[in-house]
Amino acid sequence: MAILNTHNHPALAFGILGNVISFMVYLAPLPTFYRIYKRKSTEGFQSLPYLVALFSSMLWLYYASLKPADATLLITINSVGCVIEIVYIVMFTIYATRDAKNLTVKLFMAMNVGSFASIFLVTYFAIHGSLRVQIVGWICVTISVCVFAAPLSIVAQVIRTKNVEFMPIILSVFLTLSAVMWFLYGISLKDICIAFRCCCMAFTGIVEERRAGAEQALEPMTNVVVVNPLGNSEVYPVPVIDEESEQGIIKGAEEEDKGAEIAEIPA
């Protein structure tokens, strides 16, 4: 492979490290899907982050295939990412409710099929040469920046409500490391699209780390973190019911049942 014979050793090193770290980050939702499998229900989880992650990986895979220089490392991680995201989406649709399943199919057809096909057809047949690579690259960057806004909106909500929702700090660190590796990879190849995207990713990761380091929370939360290599993180908080609260809920339900029984007794 040409990538192994390249004289750009920094790009090779950063690309391999980026692949390894990004692959580990891609596996972050596994506990979530194990929980879905065990409970045979998607509960309150949504399919949109996985669809967006797949869409982003498809676009970056298309961009990598257009680059005149060897982009094996970029193709490798995004190919793996597409496979993993498809597995997540299929598993989601298996255990989702009918409404959630229908919504997932509609979003998949509109975004991952329709939008991607439109971008591919227009850029491939109407635009040629280096201009095509630049336009596809900046489309990828634009979509990535829009995706990065989601975690930052959560930070704004935390400030407004004074309710801190924890995100695993180890995952935040890995996201930041992944961003740094791919940023250095982009700089080594003088690819501004990859470098600029990873600047946004690194900034998001640092903000998430600071948020994860908060000391107090008004309400215990657990988080589903959806990630994309080269990329983004989506945090979906789910309230945690501790043992004490659970007993209180059960007791309250029992009291309601007793009240209902008394009300049904004829006078």
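Position 1 is the first residue of the sequence, and the numbers go up from there.
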Donor-acceptor check, side chain of S56 to backbone of V52, threshold 3.5 angstrom: yes or no? no

Going by heavy atoms in the side chains, are Y124 and I119 under 4.5 Å from each other? no

Hey, is CD1 on I192 packed in by over 12 heavy atoms from elsewhere, all under 6.0 Å? no

Parallel, tilted or perpendicular for F120 and F116, by the 30°/60° rule? parallel

What are the two closest heavy atoms between P31 and A28, and how far apart are they? CD-O, 3.0 Å

Transitively linked via ILVMFWY side-chain contacts under 4.5 Å: L107 with I94? yes

Please tell me whether I127 and L59 are part of a single hydrophobic cluster in this structure, the criterion being side-chain heavy atoms less than 4.5 Å apart. yes

Between W60 and Y63, how do the two ring planes meet: parallel, tilted or perpendicular, split at 30° and 60°? perpendicular

Please find the pair of heavy atoms, one from C193 and one from V141, that lie closest to each other, and give the distance. O-CG2, 3.4 Å

May I have the step-by-step check of side chain to side chain contact (heavy atoms under 4.5 Å, CB included) for L27 and I84, ending in yes or no? CA-CA 8 Å; L27 300 180; I84 293 176; 4.2 Å; yes

Separation of I194 CD1 from L74 CG (nearest 0.5 Å): 4.5 Å

Identify the heavy atoms of L51 and T104 that sit nearest to each other, and give their distance. CD1-O, 4.0 Å

Using side chain to side chain contact (heavy atoms under 4.5 Å, CB included), reason through S79 and L61 one step at a time and then give a plain yes or no. CA-CA 7 Å; S79 298; L61 191 57; 3.4 Å; yes

Nearest 0.5 Å, please: how far is CE in M58 from CG in N78? 11.5 Å

According to a 4.5 Å side-chain heavy-atom criterion applied to Ile, Leu, Val, Met, Phe, Trp and Tyr, with indirect links allowed, do M181 and I75 form part of one hydrophobic cluster? no

So which heavy atom on A11 is nearest to which on Y185, and how close? O-CD1, 3.1 Å

Between S178 and S22, is the side-chain hydrogen bond (donor to acceptor under 3.5 Å, both in side chains) condition met? List the steps. CA-CA 6 Å; S178 178; S22 295; 3.0 Å; yes

Can you tell me how far apart NZ (K38) and NZ (K40) are? Round to the nearest 0.5 Å. 10.0 Å

With rounding to the nearest 0.5 Å, note down the distance linking CZ in F55 to CD in E85. 13.5 Å

Is F14 close to W182 at the side-chain level, that is, under 4.5 Å between some pair of heavy atoms? no

Same cluster or not: I77 versus V20, using hydrophobic residues (I, L, V, M, F, W, Y) connected whenever any side-chain heavy atoms lie under 4.5 Å apart? yes

dist I21:CD1 -> L177:CG (nearest 0.5 Å) comes out at 5.0 Å

Under 4.5 Å between any side-chain heavy atoms of N112 and I89, yes or no? no

For the hydrophobic clusters of this structure (ILVMFWY residues joined by side-chain heavy atoms under 4.5 Å, transitively), does one cluster hold both V105 and I86? yes

Pairwise side-chain contact, D191 with K67, heavy-atom cut-off 4.5 Å (strictly under): yes

Minimum heavy-atom distance A64-A71, with the two atoms named: O-CB, 3.6 Å

Do the side chains of I36 and S41 get nearer than 4.5 Å, heavy atoms only? no

Salt bridge (charged side-chain N to carboxylate O under 4.0 Å, His left out) pairs touching residues 105-115, sequence neighbours excluded, are none

Excluding sequence neighbours, so at least two apart, what forms ring-ring contact (aromatic ring centres under 6.0 Å, His included) with F33? Y50, Y88

Salt bridge (charged side-chain N to carboxylate O under 4.0 Å, His left out) involving R39 - partner list, sequence neighbours excluded: E43

L54 vs F108 side-chain heavy atoms within contact, under 4.5 Å: yes

For the OG1 atom of T42 and the CE atom of M91, what is their distance to the nearest 0.5 Å? 11.0 Å

Check whether any side-chain N or O of T93 sits under 3.5 Å from a backbone N or O of V90 as a donor-acceptor pair, and report yes or no. yes

